[in-house]
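Just so it is clear, the model here is predicted, and its values are computed rather than measured. Only heavy atoms go into these numbers, but all of them, side chains included; no hydrogens, no water, no symmetry mates. To find a chain, count down the sequence lines: A is the first, B the second, and so on, and within it residues start at 1.
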Protein chains: 4
Amino acid sequence: MIIIIQCKDRVGLVADISRILSEAELNIISMREHVDKAEDRFFMRLEVDGIADEIPLELSLKQILPEGAMISVNPVPDKKIVVMVTKEYHCLADILIRNNFGTLGATVLCVIGNHSVLQKICDRFDIPFFLIPYHEDKAVSERDIIFKIKAYQPDYIVLAKFMRILSPQFVANFPNKVVNIHHSFLPAFAGARPYKQAFERGVKLIGATAHFVTNDLDEGPIIAQQIIPVNHSFTAADMVKSGKEIETSVLAKALHLVLNDRVFVYKNKTVVFE
Amino acid sequence: MIIIIQCKDRVGLVADISRILSEAELNIISMREHVDKAEDRFFMRLEVDGIADEIPLELSLKQILPEGAMISVNPVPDKKIVVMVTKEYHCLADILIRNNFGTLGATVLCVIGNHSVLQKICDRFDIPFFLIPYHEDKAVSERDIIFKIKAYQPDYIVLAKFMRILSPQFVANFPNKVVNIHHSFLPAFAGARPYKQAFERGVKLIGATAHFVTNDLDEGPIIAQQIIPVNHSFTAADMVKSGKEIETSVLAKALHLVLNDRVFVYKNKTVVFE
Amino acid sequence: MIIIIQCKDRVGLVADISRILSEAELNIISMREHVDKAEDRFFMRLEVDGIADEIPLELSLKQILPEGAMISVNPVPDKKIVVMVTKEYHCLADILIRNNFGTLGATVLCVIGNHSVLQKICDRFDIPFFLIPYHEDKAVSERDIIFKIKAYQPDYIVLAKFMRILSPQFVANFPNKVVNIHHSFLPAFAGARPYKQAFERGVKLIGATAHFVTNDLDEGPIIAQQIIPVNHSFTAADMVKSGKEIETSVLAKALHLVLNDRVFVYKNKTVVFE
Amino acid sequence: MIIIIQCKDRVGLVADISRILSEAELNIISMREHVDKAEDRFFMRLEVDGIADEIPLELSLKQILPEGAMISVNPVPDKKIVVMVTKEYHCLADILIRNNFGTLGATVLCVIGNHSVLQKICDRFDIPFFLIPYHEDKAVSERDIIFKIKAYQPDYIVLAKFMRILSPQFVANFPNKVVNIHHSFLPAFAGARPYKQAFERGVKLIGATAHFVTNDLDEGPIIAQQIIPVNHSFTAADMVKSGKEIETSVLAKALHLVLNDRVFVYKNKTVVFE
């Protein structure tokens with residue numbers, strides 16, 4: 001059983017929480033906690049052994065936690081996701097493979113694309129693919145996408161190289177639920193064509209960043225980042241190619257963390273218990 | 001205040017420990033715990049805020065911990081070390097620099113060398129250097145070294161590229177107190193001339209390993225490891241040269257962990273709360 | 001056009017080779033060379049721009065190279081491979097995806113498995129899968145496998161987690177043509193169950209090694225290696241799981257290098273022009 | 001002997017250069033070349049074996065190279081540097097140690113500081129330290145610094161955490177001769193207090209960048225970059241502390257490359273033959 005707690009900090013929280021678990025005869029296998037002193041904020045992730053009813057346990061915990069505490073006992077074990085794509089296959093294919101072999105930590109409900117090129121790979125895995133091409137009026141396309149997503153009720157929406165900027169209206173529908181992979185080491189090279197920017201600047205490392213999507217483009221809370229070395233012999237196209245490898249791997253890592261309830265969001269930052 | 005606990009595991013340990021801290025009005029800043037299920041062993045490192053007498057707190061904790069528990073409240077904050085060297089300067093110099101600027105997390109009491117080449121750099125930093133050359137009868141040299149070390153009473157002995165094998169008799173004097181840097185990614189290339197072995201095998205990465213010294217050569221509990229890429233253009237000598245960089249950096253990292261009471265030893269493994 | 005040369009070293013080789021290219025009005029885009037002084041051996045990989053007939057160019061080059069030189073002008077641009085598997089999907093799936101999207105640098109002709117579990121994923125990608133289960137008499141199974149491979153005439157055979165040891169007789173059929181992924185940082189933990197060995201040793205890094213297969217188990221020329229950090233919280237099973245990520249990525253990298261004619265084998269080592 | 005060539009590209013350059021070397025009975029040990037096709041620019045670094053007079057060889061090469069070619073036969077083997085510092089010791093100490101043991105690849109002529117705190121460590125190594133405190137009128141201080149540097153005639157000036165911005169007038173005196181270490185992964189977090197910026201953005205990796213100094217702050221050609229992982233438990237102060245380790249190591253690497261004539265500058269980028 002996994003227990004997730006986020007609340008205002010106070011003295012004795014750990015003692016009170018662990019006493020309640022002990023009274024419920026739950027054995028702590030793993031306890032990760034963090035106190036953000038500047039924000040006076042407490043974060044905890046517990047893995048416990050034993051049998052307990054979720055609702056009474058949640059109530060008992062609520063009683064000893066500060067008001068406004070976010071608590072979740074046994075968060076949805078088999079999460080569900082919707083994936084959004086444009087034309088690049090690498091991140092999507094990795095997700096489909098893991099989904100196919102039951103190692104994703106979630107079920108892919110469907111894929112939404114604004115181009116049709118990735119229809120075929122979804123067919124190969126018997127995953128529904130919906131083409132929602134970009135309409136001149138962005139609001140129209142987004143309305144269609146939101147409608148489709150809401151029909152599926154996913155826990156998370158994964159932008160697996162979805163190359164359109166989503167409006168604040170769209171994002172407001174799914175707060176802290178949209179995970180994006182950006183093809184640079186943010187905050188360097190935010191915005192369009194980061195590899196071209198990286199090439200022109202002559203950097204010696206290129207990166208990828210997985211983050212939650214907020215209203216501010218490429219400014220949401222960062223979940224995971226990774227880099228690979230490049231050198232003078234790389235063209236911008238070579239960087240794109242090499243970059244795909246880490247994009248795939250960073251997104252896979254971020255999804256693993258998010259889907260295992262290891263990522264907490266507070267303001268514009270994350271606490272990640274790896 | 002730092003509190004270190006290692007004992008047999010049982011249900012409710014965290015609750016009991018945190019209750020005692022709470023009663024002593026100590027606020028937990030950071031709590032790291034690990035349960036080794038196979039060994040049924042509990043490890044905890046706490047950083048707490050507040051004022052408390054060490055001895056009564058230690059007694060209170062002892063009462064609720066299983067018999068044989070190892071507990072340490074506020075482990076020696078300014079640790080003391082003795083460094084042993086042969087001819088290579090890189091690890092020693094790094095330690096002397098950090099010692100000089102107060103960022104080592106320990107005080108270097110003295111340096112013992114079996115060659116005189118590193119006398120001069122110790123002089124530059126006003127650190128006593130003792131030359132104890134290797135006697136035909138190893139037992140004689142080791143007796144002298146032990147005598148010198150015991151006079152200084154260090155918390156740890158650091159083998160900063162000390163190129164002689166210490167006898168079990170020597171090691172028995174300082175259990176889990178001798179930190180060594182081995183110039184390979186153990187268990188690959190244990191023993192002598194690891195870079196030559198690495199060169200001949202044609203590996204694409206070389207490594208360094210910091211570990212506690214036990215009776216079995218290069219077999220003690222590993223604290224930290226690191227690697228760097230190499231390629232066909234590296235001669236064995238180039239590997240030696242590049243390897244020095246990670247030897248320095250791995251030993252520095254291991255010392256940082258050990259001197260901050262972040263490393264627990266149980267049987268032949270470590271638990272490291274980074 | 002790619003030109004690959006391996007021969008005994010002598011003074012003036014680069015001058016002679018580049019003169020011939022210049023006379024053929026071929027412009028050098030990229031020239032990578034290495035001289036192994038201990039072995040007195042010369043390695044060169046050239047990418048050149050321009051139009052030239054392969055056979056006369058190869059002849060001109062042969063005339064100025066030492067006897068016994070291995071030279072290859074424009075090595076098979078679209079290589080062909082056969083993949084051999086047992087039960088684990090991760091390396092195979094990665095290869096099938098890249099093959100499907102034309103980014104592997106080769107065509108997968110077929111997959112041979114000694115278990116049937118990976119039949120289905122091959123079907124999804126319309127790649128022939130042949131089940132050749134392990135016969136009590138190993139020679140029988142290997143004869144069937146060799147027969148199948150020879151029917152397809154691949155440039156390389158890729159052991160994508162094929163968990164059986166191939167006999168010297170088998171290997172002799174395909175010298176420097178069989179690429180294996182071993183799930184450890186060789187030479188550490190050769191042989192069976194490397195993650196279990198790694199867990200028991202308490203290492204802080206685990207690795208994967210791609211190498212050519214020779215008669216000596218896990219002793220062939222190394223192409224690529226990579227590591228990831230682990231810690232005390234990893235069970236042997238966790239190491240297996242994390243290890244799969246680097247196994248996939250190291251094998252992908254090794255195949256990229258091999259299929260782009262960037263890997264030279266001499267004795268038991270490789271020269272890799274990344 | 002090392003030969004460095006940078007010029008406009010043309011067909012047959014490698015052939016002509018290697019013919020001249022061959023005629024001079026020089027054997028090529030290592031040849032690294034790069035053609036920047038977009039800029040139509042040719043870069044080459046040669047290590048050759050044999051005996052030849054530098055000046056006639058340079059002349060022979062000049063005759064076959066395009067006009068305006070930069071060529072250097074046997075660049076100053078024992079380079080000389082001046083180091084500029086403020087208060088932080090880590091980069092300076094690393095340079096002083098390597099200088100002391102003859103492994104820097106250069107001689108440290110003197111250290112110039114705008115604070116006196118690093119006087120003592122220079123004294124320990126018998127290296128002249130000059131205090132040139134920052135004058136209200138920056139031009140005055142810079143005039144003093146330039147005067148001091150010119151007296152020493154170094155090959156390179158190393159800013160080892162010199163925390164003042166140098167004026168374009170200053171930089172113009174030493175084009176491509178001033179190496180700086182910036183404490184972020186440029187172009188992210190240029191300017192002041194990069195770790196504070198990194199902390200506030202919640203990044204998961206922090207970096208350091210060594211670059212040549214140009215008129216545009218933190219915009220000069222990048223020589224080397226490196227990163228280390230951080231997480232939510234890092235305060236801005238922890239990032240500063242961890243960052244020092246990679247600052248030291250990136251600057252050491254960049255100096256190694258520059259002092260071994262492995263770095264070419266063209267426009268705002270570098271070609272680095274590692």
Heavy-atom contact with chain A under 4.5 Å, split by part of [X]:
{"X": "D/Glu274", "value": "neither"}
{"X": "D/Glu219", "value": "both"}
{"X": "D/Lys204", "value": "both"}

Exercise for review: Could you tell me whether A/Glu67 and A/Arg10 make a salt bridge, using a distance below 4.0 angstrom between a side-chain N and a carboxylate O?
Suggested key: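 Salt bridge absent between A/Glu67 and A/Arg10.
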
Point to revise | side-chain contact (heavy atoms from CB on, under 4.5 Å) partner of A/Val265, the single match among A/Thr270, A/Ile223, A/Val271, A/Thr214 | key: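 One option only clears the test, and that one is A/Thr270.
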
Check your understanding: Non-hydrogen atoms of chain D under 4.5 Å away: do they reach the side chain of A/Ser184, the backbone, both or neither?
Key ->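 For A/Ser184, neither part sits under 4.5 Å from chain D.
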
Review point. Side chain, backbone, both or neither: which part of A/Phe199 has a non-hydrogen atom closer than 4.5 Å to chain D?
Key: both

Practice item. Quick one: which of D/Gly207, D/Ala38, D/Ala198, D/Gly220 has the most heavy-atom pairs under 4.5 Å with chain A, could you say? Key: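 Max contact count across the listed options: D/Gly220.
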
Review point. Are there more than 12 heavy atoms of other residues, nucleotides or ligands under 6.0 Å from atom CD1 of A/Ile228?
Key: yes

**Study point:** Contact summary for A/Leu205 and D/Gln225, nearest pair of heavy atoms
**Key:**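 Smallest heavy-atom distance, with atoms named: N-OE1, 3.6 Å.
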
Check your understanding: Ring centroid separation for A/His183 and A/Phe189, is it under 6.0 angstrom?
Key -> no

Flag the one option from [options] with the top tally of heavy-atom pairs under 4.5 Å to chain D.
{"options": "A/Val35, A/Ile227, A/Asn231, A/Thr235", "answer": "A/Ile227"}
{"options": "A/His34, A/Lys269, A/Gln197, A/Arg201", "answer": "A/Arg201"}
{"options": "A/His211, A/Lys267, A/Glu200", "answer": "A/Glu200"}

Practice item. Please round to the nearest 0.5 Å and tell me the distance separating atom CZ of D/Phe212 and atom OH of D/Tyr156. Key: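 Atom-to-atom, D/Phe212:CZ and D/Tyr156:OH are 5.5 Å apart.
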
Check your understanding: When rounded to the nearest 0.5 angstrom, what is the spacing between NZ in D/Lys79 and CG in D/Asp261?
Key ->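 Rounded to the nearest 0.5 Å, the NZ-CG separation comes to 3.5 Å.
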
